[in-house]
Every structure is written in structure tokens, then in C-alpha cells.
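Because only heavy atoms are used, hydrogens play no part in the values below, and waters and symmetry mates are left out as well, while side chains stay in. Chain letters run A, B, ... following the sequence lines, proteins first and then strands; every chain starts at 1.
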Amino acid sequence: MTSRRITFAIPLVALLFVGSGCETSDVLDILEITHDISPAESAGGVFGVSTGDKAKDAVLDSVNTMNDIKKAKELEDEAAEALSKKPTDYETANKNLQAALKLRPTDWSLKNQQMITQAELGGVTPTLNHPAHLCPEDERGDVQNRCLFGSIKERTALLAASVARQKQNDQLISCATQETMHRHYEFLGRLVPDELAKLGYTEEQAEEFRLKAIAAEAAAKSPGVTCRR
Amino acid sequence: MLSHSMVEVTKPANKGTEPAKAATGEAAKAKKKKGGCLKGFLLFLVVLLILLGMVAALAYRLPQKWGLWGGNGEEYTQNTPDPIAEEEIVAEAVSKGFRPEGVQVFVFPAPESADAILLASYDFSRGAQNSDFGGYNPAVAALVLLGGGEKAKEHGVTHVGAEFLDEEGNRLLVIASSTEDVRALASGQITEEEFTKRLGKQIDYPNYLQRAVIPF
């Protein structure tokens, strides 16, 4: 009697597992590309053997050095969310940007964002006022250029967002933001056509920048009247 | 005579102790042999454990995680990721069907040239979803969407990769390709099968075995 029960029970238990391995999920779909993974690839995957392409190896290896970057990015996203709240949650935004900068102290994008946020609150770190000061001094060539052009373009976008945010909060634009705009647009207005082209700006836009620089300079002159202290 | 008898008396006695001596000698030898066996077995066990530990450490990629050895990834990741390139590339990919929720995209400038690499981190524990594109496997589609567009070309992206974290946030797989191969696939110069063969793959074996071999 017991053996008959066992005979019936085994297929029933086995049936519980039938199809469970055939579940479709996004993760299992992804794994399909590994179905024909070769022994050499397997060994390479474990021992970190080169694929023969330095940059491809770098991509594979970069995930091992990404923890701080990912964490900083999360903090940056949380800061952006705090800034988009109405009223703006400056305290959370500042706290998150500072924490992100602790993880990535040389990140020029984080420094840029922190500077614009501080300006909105009425203070600016003077050394960060020129985009070139965000870039690592010991770097030359492409890295330096990429930092310089990247931070200039990013600052233009960040300033526009900052002004929109302050207006949305029914506030006067802070004097520090006006001063930052004055310096930034004046700098852009002085660029030669070749440099403007590298940044993706036109001559017409350069003229707009010059006008904006004049307006910001004028607004920054009367704290409490044309700008927020 | 007396001495002779003594000799005679002692002789059998001698005869009787010899086997006894031999027996104790053998017992000691056997004991010694047993002790040697145990020592050998323990040594074997220690060596086996060390080997197993090494294999486990490699499978969990601990040397790389601890920075004991690694490739040249840090040469790229120490640079500030390019936020404008990231934004533009993602916007272009979204227009073609890329789903950005739960996916972090980074564009890292190359250390000594105007080139860059792109890395996407798909985290299924944070709501990442596969994108349907061109009938490709979703992992391949991710590389084509992010690395095969005009914006990626414009920002000098030469290589593209993606890491996939499972529903618990544990890494499962990392893949990498040159954008040259991505474009060859998109233009039909190579098949998806050939593209997949050319992919650089890195698998988290403990997690992979659990997911792919024992999926239930």
C-alpha cells in the first residue's frame, strides 16, 4: 500500500516543478544570450581574461568600480527631485549633493549643481564661479576640454532651470544667481565663433547671452529691490 | 650444566618474547601509519578547502571587488560622466522604444582621447524593463538602442556595455560590445548570432547557475 502511494506521489511532486523553469521573465529573457557560452568565455568571465579589445575589457571591468558612482547618481537624482518640489526643498537637495560630492569629490557636474543651488540660497563659492575652476588642474587635453565644454553647457542649462524654479516659487531671483548669470553669460558672450561652434551655440545665441549678462548685472546691483538677498 | 639448563630454560622464554616484541612493534608501526594517514588526510582536506575557497572567491569576483586585480575600468570611471551626452543619448533611445525606468546610463570619457564608453545598469529590483527593438534579444536591443544611435556617434562612444541586476539587485551578467559591431548588426552586415558571439560577457556564476541551470 505504501509503495503504491509513493508511486503516485513521485509524479505528482515532479509535476509541481514542470514548467517552473519555463517561466518568462525579463531576467530570464536576458540570459538567453548566454545559452551558447563557450568554456573559454566561461573561464574568461571568472578569471577576467582579456577579450582582446582594451576598451571592451574596460567596459566589463568598469562595473567593479561603479558603486560610488551609482550611489552618487542616486543622491543626485534625489537632489533633483527635492529641487523640483514646490516649495523647493533646498535642505534635502543640498544635503544630497554634499553627500554625493563626498563620494565623487572631483565630479565637475556635482560641483556645478551644488554651486547653482547655493547661489539660489544666496551664497556662492567664489572659486567655483568660473567653469574652468571645476576642472581638474592636472588634467590636460581632451579630459580638460571635455570638462570645460561640458561644464559650460551644463551651467547654462542649470541656470535656466534655477531661474524657472525661483520664479515658480514666486520669488525674486537671488542676487547670487544674478551675479552668477552675469559672469557666465558675459563669458559666453566673449567667445569667438569657433569656440561657440564647439559648444553648439550660434552667433545669435551669443548676442542673447550678452544681453542677458547686462540685465543680470543690473539686477544684481540692487539687493532687496531687483534681486533677493 | 646449570648454566646450560638456564640457557635451555631461557631459550624458550626468548622464543616466546620475540613474537610479542614483533607484535608490539607492528602495532606501533600501524599506529604510526594510522597517524600518518590522518595527517595526510587533514592536509588534503586543508588543501581542498583552500582550493574551494579560491574557486569561490573567483566565482564571486572578490579579487576584482577588492581591487586586487582588475582591468582598466577605473581609468574611465574616475572621470566625471558626461551628463549632456547621457541625456541626449537616452532621449534618442527613448524615442525608439528604450524604457529608462530603473536604468542608469553613464557616458565615461576616455582618459587620453575624445572617445567615450557607455555603460547602462539595468536594475530589475528597481523596475527596469526590457525594451522591444528590432526583434533582438532584449540585452542586444539595449546595446543597439543606446550605442547605435546618432547621438552616441556624435559624443564619440566607441564601446557600449550593460550590466543586469536581478530582482534582488544582485549582479547577473555584464556584456560589452564595440559600437562598430552594433552598427554592423543594425545594418545587417552581421547576424545577431555572430554579434552575440563577439560580445564580451562576464557572468556572476553563483547567481547565474541558480537562475539558468536551476531556475525553479
[atom1] of [X] to [atom2] of [Y]: how many Å apart, nearest 0.5 Å?
X: A/Trp108; Y: B/Asn79; atom1: CH2; atom2: CG; answer: 10.5 Å
X: B/His159; Y: A/Asp57; atom1: NE2; atom2: CG; answer: 9.0 Å
X: B/Arg198; Y: A/Asp53; atom1: CZ; atom2: CG; answer: 11.5 Å

Residues from residues 91-101 of chain A approaching chain B under 4.5 Å (heavy atoms): none
Neighbourhood of chain B inside residues 72-83 of chain A, taking heavy atoms under 4.5 Å as contact: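 A/Lys73, A/Glu74 fall under the 4.5 Å cut-off.
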Region of [X] in contact with chain A, defined by heavy-atom distances below 4.5 Å:
X: B/Glu192; answer: neither
X: B/Ala110; answer: backbone
X: B/Ala128; answer: backbone
X: B/Thr77; answer: both

Which residues share a ring-ring contact (aromatic ring centres under 6.0 Å, His included) with B/Tyr76, sequence neighbours left out: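 Testing B/Tyr76 for ring-ring contact (aromatic ring centres under 6.0 Å, His included), a comparison that skips the adjacent residues, returns none.
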Side chain A/Asp29, main chain B/Asn130, donor-acceptor under 3.5 Å: no
Check: A/Arg146 side chain, B/Ala114 main-chain N or O, donor-acceptor pair, under 3.5 Å: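 It does hold such a pair.
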Would you indicate whether [X], at its atom [atom1], is surrounded by more than 12 heavy atoms from other residues, nucleotides or ligands within a distance under 6.0 Å?
X: B/Arg183; atom1: CZ; result: yes
X: B/Glu87; atom1: CD; result: no
X: B/Glu180; atom1: CD; result: no

Give me the atom names and distance for the closest heavy-atom approach of [X] to [Y].
X: A/Leu60; Y: B/Gln202; value: O-OE1, 3.4 Å
X: B/Ile175; Y: A/Val59; value: O-CG1, 4.4 Å
X: A/Glu154; Y: B/Ile84; value: N-CD1, 3.7 Å
X: A/Ser109; Y: B/Thr80; value: N-CG2, 3.9 Å

Positions in residues 94-108 of chain B that reach chain A, provided some heavy atom is under 4.5 Å away: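 Only B/Gln104, B/Phe106, B/Phe108 of residues 94-108 of chain B have a heavy atom under 4.5 Å from chain A.
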Which of B/Pro138, B/Gly161, B/Ser113 touches chain A most, by non-hydrogen pairs under 4.5 Å: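 Counting heavy-atom pairs under 4.5 Å, the top option is B/Ser113.
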Winner by heavy-atom pair count (cut-off under 4.5 Å) against chain A, out of B/Ser178, B/Ala116, B/Pro83: B/Pro83
B/Ile117 and A/Lys56, any side-chain heavy atoms less than 4.5 Å apart: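 Contact flag for A/Lys56/B/Ile117 side chains = no.
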Pairwise side-chain contact, A/Arg104 with B/Pro81, heavy-atom cut-off 4.5 Å (strictly under): yes
